[in-house]
Structure formats: structure tokens, C-alpha cells
Amino acid sequence: MLDDPRSRALTTNFAGQWLFLRNLRTVAPNAVLFPTFDDNLREAFRRETELFFDSQVRADRSVLDLLAADYTFLNDRLARHYGIPGVYGSHYRRVRYPDDRRAGLLGHGSILTVTSHPNRTSPVVRGKWLLENLLGSPPPPPPPDIPALVENDEGREPATVRARMEQHRSNPTCAACHAKMDPLGFALENFDAVGQWRSTDAEADASIDASGTLPDGTPFATPAEFRRGLLAEPWASEFVGTAIEKLLTYAIGRGLDYHDAPTVRAIGREAETAGYRWSSIVLGIVNSAPFRMRRMPDPAATDAQ
């Protein structure tokens, strides 16, 4: 099935939905703050993630390798943006990272940009994205009348996003939701709002602090340590389970409910014996009751339209 050209829909459709790649079309980073961002870079972001995802599926890698792979696909435009030398020409080629800063999806400019605001990073948006799309634990909706984060402006000493978030969380109403989201979002603070690596917050003239804790209290100090934490139990199993839920939702064309939970767990157990390879997950979904018993469109109704 994965060798069939039609399976590329997993990349163009499924990955586009799951990873928010479709949102790239509408993002508009501040042109004054990020003058190098243009439509060529926007297209390069999308293409990088699509090629990477497709390579993972074609090679039948473990789903966990989405977070751990030490390579990506670059052309000269994107390589310059990432600061990776030795890449020339407009065609994309597989490139191994020179260090562990960007391993896996979490170093892709596509994801880092769609989870930022036009003028700055957002630990809240990034943390929410991580909880929903990687760990399957979406935070509750915010209560009404929550005050906005205080922005740096004239007349106030500039502060890092982290410092402003700490002030925001001093409100007990805000702290309830932010306690789960913010620590995860801080793990990616070394990447600015268009995915470039930085060691300092230029606006506040302060060093970036990317430390935090996973929901179980496991500490991390760098993006690499954060990824290693996600790849350890119990978060590795949570990530695989979330990937299965997302793919099953895509396959059957409806949202999942509690009736589907045993199916997701069964597919995960079978896939574990095969190292969580894509083929084992796809076969588990195709052989599952929700997929085999899904309702197909009524041909008569379709013809009548």
C-alpha cells in the first residue's frame, strides 16, 4: 500500500492537517522584524516537511523517528536560513544536520512559524500545539476575559517572552492552563518566530532560557534534552498513540470517541512489536473494525446530486 503512488496523500493531506502545514499559506511574519521571510521561504518550509515526512513513510521508519531523525531536506535558500553551509542550488536534497539542534520535526521552520505570532514566538501556542498534536492532551479552553500578554513597547523596559509569561501566570486564573503549556513551549524558545536559531532575545538583550519540565516533572535545559524526554516513556507511547489517533481519524473521516479507544490501544500494542513502523500502524488501521465498518457515501444520493 505504501508503495502505491496514491499513498502520497498521507503527506499532502494527512501531514498537512496533522502538522498544520496548511496554515503556512496565511502566516505573515512582521516584515520589519523578519525581513528575510518571503514566499520562497514559505514554500521551502512546506516542501522540507513534506519531503521529510514522505521519506519516513517510504523507508518504513519508526513513527518515533519523526522526532529523532538527524536529517532533513534543504535547498540553498532554506540552508542559508538555518545557517547550514555547503548546500547550493534550488533543488532539495537530503542533508544531515551538523549538530542536534534541529533533529526531527521540532526543528522545522514550518512548524515553528505556524506556532508563532507575527512579531514574536509564543510558548503558549507552541505548548498547545505540542499537547494537542504530539501528546494527545489538549489543554482546556481559556476562561473568558483573560488579559492579554503584556507586550514590549516604548516607555517600558523590554523583557523576554519568558519573563512576561511569568508575570502573566501570576494571575491564578491564567496559571491553571499555562502550567501545562508554557514549559513545553519554552523548550523551543531558541527558535525565533521564523525558525532561525538564536541564543539571545535581541529585543530584551537577554540570553534565551529554554529550560522547563515535561508534565511528569522530567527537567530539560535544551531542545535536544526536550526531544530525548519526549522519546522516553511514558511520552514515547503517548506520542505514538496520538499519531495513531490522528491517522485513524483521517482514515475513517470522523472524530474518535471513547468507543474507539480500545482500537487505538490494540493498534499500538501490535505496532510496538514491529518497532512502531509506519507499515504496522497502517495495517492495524486498515484491519480495524472502525475502518472496515465505516459508512461509505450512498451512490444513489451522490448520483441524485
Side-chain angles (χ1 to χ4, degrees), residues 1-2 7-23 49-50 52-54 56-57 60-69 104-106 108 110-111 114-115 125-141 177 180-181 184-185 187 214-216 226-227 229-296:
M1 287 187 294
L2 295 179
S7 67
R8 294 192 183 277
L10 278 178
T11 297
T12 56
N13 293 331
F14 170 63
Q17 294 175 22
W18 179 25
L19 304 177
F20 289 13
L21 298 184
R22 294 178 175 181
N23 294 10
T49 305
E50 288 183 347
F52 173 76
F53 186 88
D54 191 68
Q56 291 280 301
V57 174
D60 199 19
R61 303 293 293 267
S62 168
V63 170
L64 293 173
D65 207 39
L66 287 176
L67 300 181
L105 284 170
L106 297 185
H108 281 210
S110 58
I111 290 169
V114 299
T115 55
V125 177
R126 288 177 174 177
K128 183 175 183 289
W129 185 92
L130 289 162
L131 285 169
E132 289 181 341
N133 292 282
L134 300 192
L135 301 181
S137 180
C177 295
K180 289 181 65 177
M181 295 185 292
L184 302 183
L214 289 167
D216 65 347
F226 175 62
R227 286 191 301 270
L230 290 179
L231 291 166
E233 293 299 341
W235 307 114
S237 295
E238 292 292 335
F239 171 59
V240 172
T242 302
I244 293 171
E245 289 178 1
K246 299 293 185 180
L247 188 53
L248 181 59
T249 299
Y250 171 77
I252 63 179
R254 64 167 175 82
L256 306 187
D257 59 28
Y258 70 93
H259 296 101
D260 300 301
T263 297
V264 172
R265 291 194 294 267
I267 294 171
R269 287 193 297 269
E270 289 294 321
E272 183 178 12
T273 63
Y276 296 126
R277 294 185 180 275
W278 280 100
S279 58
S280 63
I281 291 175
V282 170
L283 284 172
I285 288 175
V286 169
N287 290 321
S288 70
F291 183 83
R292 290 182 171 273
M293 300 178 67
R294 71 193 190 286
R295 290 187 176 183
M296 300 300 290

Is the backbone N or O of [Y] less than 3.5 Å from a side-chain atom of [X], with the two atoms forming a donor-acceptor pair by type?
{"X": "Trp18", "Y": "Leu247", "result": "no"}
{"X": "Asp54", "Y": "Thr11", "result": "no"}
{"X": "Asn287", "Y": "Leu283", "result": "yes"}
{"X": "Arg277", "Y": "Asp60", "result": "yes"}

(request) For residues Leu21 and Ala15, report the shortest heavy-atom separation together with the two atoms involved. (result)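 Of all heavy-atom pairs spanning Leu21 and Ala15, the closest is CG-O, 4.1 Å.
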Calculate, to the nearest 0.5 Å, the distance between atoms [atom1] and [atom2] belonging to [X] and [Y] respectively.
{"X": "Leu67", "Y": "Phe226", "atom1": "CG", "atom2": "CZ", "answer": "9.0 Å"}
{"X": "Glu238", "Y": "Leu214", "atom1": "CD", "atom2": "CG", "answer": "11.5 Å"}
{"X": "Asn23", "Y": "Ile111", "atom1": "CG", "atom2": "CD1", "answer": "11.5 Å"}
{"X": "Lys128", "Y": "Lys180", "atom1": "NZ", "atom2": "NZ", "answer": "12.0 Å"}
{"X": "Lys246", "Y": "Glu132", "atom1": "NZ", "atom2": "CD", "answer": "6.5 Å"}

(request) Can you spot which of Thr249, Ile281, Thr263 makes a side chain to side chain contact (heavy atoms under 4.5 Å, CB included) with Ile244? (result)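 Running side chain to side chain contact (heavy atoms under 4.5 Å, CB included) over Thr249, Ile281, Thr263 with Ile244 returns exactly one hit, Ile281.
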Using distance only, find each side-chain donor-acceptor pair of residues 266-275 under 3.5 Å and give its atom names and separation, not counting sequence neighbours.
{"residue": "Thr273", "atom": "OG1", "partner": "Glu270", "partner atom": "O", "Å": "2.6"}

(request) State whether a side-chain donor-acceptor pair under 3.5 Å links Thr49 with Ser110. (result) yes
(request) Flag the pair Trp278 / Phe53 as yes when their ring centroid distance falls below 6.0 Å, and as no otherwise. (result) yes
Can you check whether [X] reaches [Y] side chain to side chain, under 4.5 Å on heavy atoms?
{"X": "Leu106", "Y": "Leu134", "result": "yes"}
{"X": "Leu231", "Y": "Phe239", "result": "no"}
{"X": "Ser288", "Y": "Val264", "result": "no"}

Please tabulate, for the side chains in residues 252-261, all donor-acceptor contacts under 3.5 angstrom to protein atoms that are two or more places apart in sequence or on a different chain.
{"residue": "Arg254", "atom": "NH1", "partner": "Asp260", "partner atom": "OD2", "Å": "3.0"}
{"residue": "Arg254", "atom": "NH2", "partner": "Asp260", "partner atom": "OD1", "Å": "3.0"}
{"residue": "Asp257", "atom": "OD1", "partner": "His259", "partner atom": "N", "Å": "2.9"}
{"residue": "Asp257", "atom": "OD1", "partner": "His259", "partner atom": "ND1", "Å": "3.3"}
{"residue": "Asp260", "atom": "OD2", "partner": "Asp257", "partner atom": "N", "Å": "3.0"}

